[in-house]
Amino acid sequence: MSTSPHRDSISRKIVADHSGQAMLEFAIIASLIIMLVFAIVDFGRALNQMQVMVGLTRQGSNLASRGTPLLDSANAVVAGDAPLDLNNNGEVIVTAVTNNSQGNVITGQVSQGAITRASKIGQGVGTLATIPSSAAAMLQPGQTIYVTEVFYTYQGITPVAKLVNIVLTSTLYQAAYF
């Protein structure tokens, strides 16, 4: 018993229609998965760089609080910046803030790095400093607190932000108070 040629062509057409649908579904799912992987890669890199910056800010403030000159503390942070490149893509600001009769006053400040950012603590020796209430609470009259700020220009390595029109922050910031 043989099948009719008409019946064979219908079954081939159904199979061809299903394979086209499967190919379209695969293309849609694959592109979504690739975009998700790209987003995970960029987000993971940003988190890693933030963790490096946490360690660097702590190192700078710790050195300054132990009597190392502010410039040497800033240089140590820049020297220990791997995998970041603070010489070309970042800035380190080390600030000494003393609680005196005028309030919390900047008594020393140095900056290292290629980008220029304004310190969130304040600008210039002799000006009042803006420090968080938790840091101000531990600063007794006559005492000095050392603040290390690190600014870093972050650049994603995948095109995910451009593909979905997301504006990601271009400058990462971290500070430590000792």
Side-chain angles (χ1 to χ4, degrees), residues 38-162 164-178:
F38 282 174
I40 289 170
V41 167
D42 275 346
F43 186 71
R45 283 186 66 247
L47 282 178
N48 180 22
Q49 291 175 357
M50 287 294 291
Q51 283 303 112
V52 170
M53 290 169 58
V54 166
L56 290 172
T57 57
R58 292 179 57 82
Q59 175 189 13
S61 292
N62 190 14
L63 284 170
S65 70
R66 293 175 184 241
T68 305
L70 298 181
L71 183 60
D72 292 343
S73 297
N75 286 333
V77 170
V78 171
D81 68 352
L84 307 178
D85 183 11
L86 293 175
N87 274 327
N88 298 315
N89 297 322
E91 182 175 20
V92 176
I93 302 171
V94 182
T95 306
V97 177
T98 302
N99 184 348
N100 62 21
S101 61
Q102 299 170 342
N104 296 327
V105 177
I106 296 175
T107 55
Q109 189 172 55
V110 297
S111 175
Q112 294 286 47
I115 65 174
T116 303
R117 296 283 188 247
S119 170
K120 294 186 179 184
I121 303 304
Q123 292 293 112
V125 175
T127 62
L128 289 177
T130 304
I131 58 175
S133 58
S134 58
M138 65 183 181
L139 189 58
Q140 300 299 315
Q143 287 185 331
T144 301
I145 190 170
Y146 297 93
V147 183
T148 301
E149 299 172 280
V150 174
F151 296 88
Y152 184 70
T153 302
Y154 174 74
Q155 298 172 351
I157 60 172
T158 65
V160 70
K162 291 179 185 173
V164 293
N165 292 328
I166 295 176
V167 177
L168 299 174
T169 182
S170 62
T171 303
L172 302 177
Y173 173 78
Q174 194 61 245
Y177 302 83
F178 274 69

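Keep in mind it's a predicted model, so treat the numbers as computed, not measured.
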**Message:** Which residues pass the side-chain hydrogen bond (donor to acceptor under 3.5 Å, both in side chains) test with Gln174, not counting sequence neighbours?
**Reply:** none

**Prompt:** What pairs with Ser119 under side-chain contact (heavy atoms from CB on, under 4.5 Å), at least two apart in sequence or on another chain?
**Reply:** Ile93, Thr95, Gln109, Ile121, Gln123, Glu149

**Item:** Thr148 backbone acceptor or donor facing Ser61 side chain under 3.5 Å
**Value:** yes

**Asked** Residues in side-chain contact (heavy atoms from CB on, under 4.5 Å) with Leu128, at least two apart?
**Response** Val105

**Prompt:** Going by heavy atoms in the side chains, are Met138 and Ile145 under 4.5 Å from each other?
**Reply:** yes

**Message:** According to side chain to side chain donor-acceptor pair (under 3.5 Å), does anything in residues 129-147 pair up with another residue at least two apart or in another chain? List the pairs.
**Reply:** Thr98-Thr144

**Asked** Step by step, would you call Val77 with Gln112 a side chain to side chain contact (heavy atoms under 4.5 Å, CB included)?
**Response** CA-CA 9 Å; Val77 170; Gln112 294 286 47; over 6 Å; no

**Request:** Provide the closest heavy-atom pair for Gly156 versus Asp42 in the form atom of the first, atom of the second, distance.
**Result:** CA-OD1, 3.5 Å

**Asked** Can you list the residues that meet the ring-ring contact (aromatic ring centres under 6.0 Å, His included) rule with Phe151, with sequence neighbours excluded?
**Response** Tyr173

**Asked** Taking side chain as C-beta onward, heavy atoms only, is Tyr152 less than 4.5 Å from Met50?
**Response** no

**Request:** State which residues pass side-chain hydrogen bond (donor to acceptor under 3.5 Å, both in side chains) with Asn62; sequence neighbours excluded, sorted by chain then number.
**Result:** Arg66

**Prompt:** Is there a donor-acceptor contact under 3.5 Å from the side chain of Ser73 to the main chain of Pro69?
**Reply:** yes

**Request:** Report the distance from atom CG of Leu139 to atom CD1 of Ile131, rounding to the nearest 0.5 Å.
**Result:** 5.0 Å

**Complete:** Heavy atoms of Val110 and Ala74 approach each other most closely as CG2-CB, 4.0 Å

**Request:** Quick one: list whatever passes side-chain hydrogen bond (donor to acceptor under 3.5 Å, both in side chains) with Thr57, sequence neighbours left out.
**Result:** none

**Asked** Measuring from Arg117:CZ to Thr171:OG1, what's the distance to the nearest 0.5 Å?
**Response** 3.5 Å

**Request:** List the atom of Tyr177, the atom of Val147, and the distance in Å for their closest heavy-atom pair.
**Result:** CD2-CG2, 3.3 Å

**Asked** What pairs with Gln59 under side-chain contact (heavy atoms from CB on, under 4.5 Å), at least two apart in sequence or on another chain?
**Response** Leu56, Leu63, Ala76

**Prompt:** Got a donor-acceptor contact below 3.5 angstrom from the Asn75 side chain to the Leu71 backbone?
**Reply:** yes

**Asked** Of all heavy-atom pairs between Gly108 and Val125, which one has the smallest distance, and what is that distance?
**Response** CA-CG2, 3.9 Å

**Request:** Over all heavy atoms of both residues, which pair between Ile106 and Ala129 is shortest? Give the atoms and the distance, please.
**Result:** CG1-CB, 3.8 Å

**Request:** Please say whether more than 12 non-hydrogen atoms of neighbouring residues, nucleotides or ligands are located less than 6.0 Å from CZ in Arg45.
**Result:** yes

**Prompt:** Quick one: side chain to side chain donor-acceptor pair (under 3.5 Å) pairs with a partner in residues 81-90, sequence neighbours left out?
**Reply:** Asp85-Asn88

**Message:** Run the side-chain contact (heavy atoms from CB on, under 4.5 Å) test against Leu47 and tell me which residues pass, sequence neighbours left out.
**Reply:** Phe43

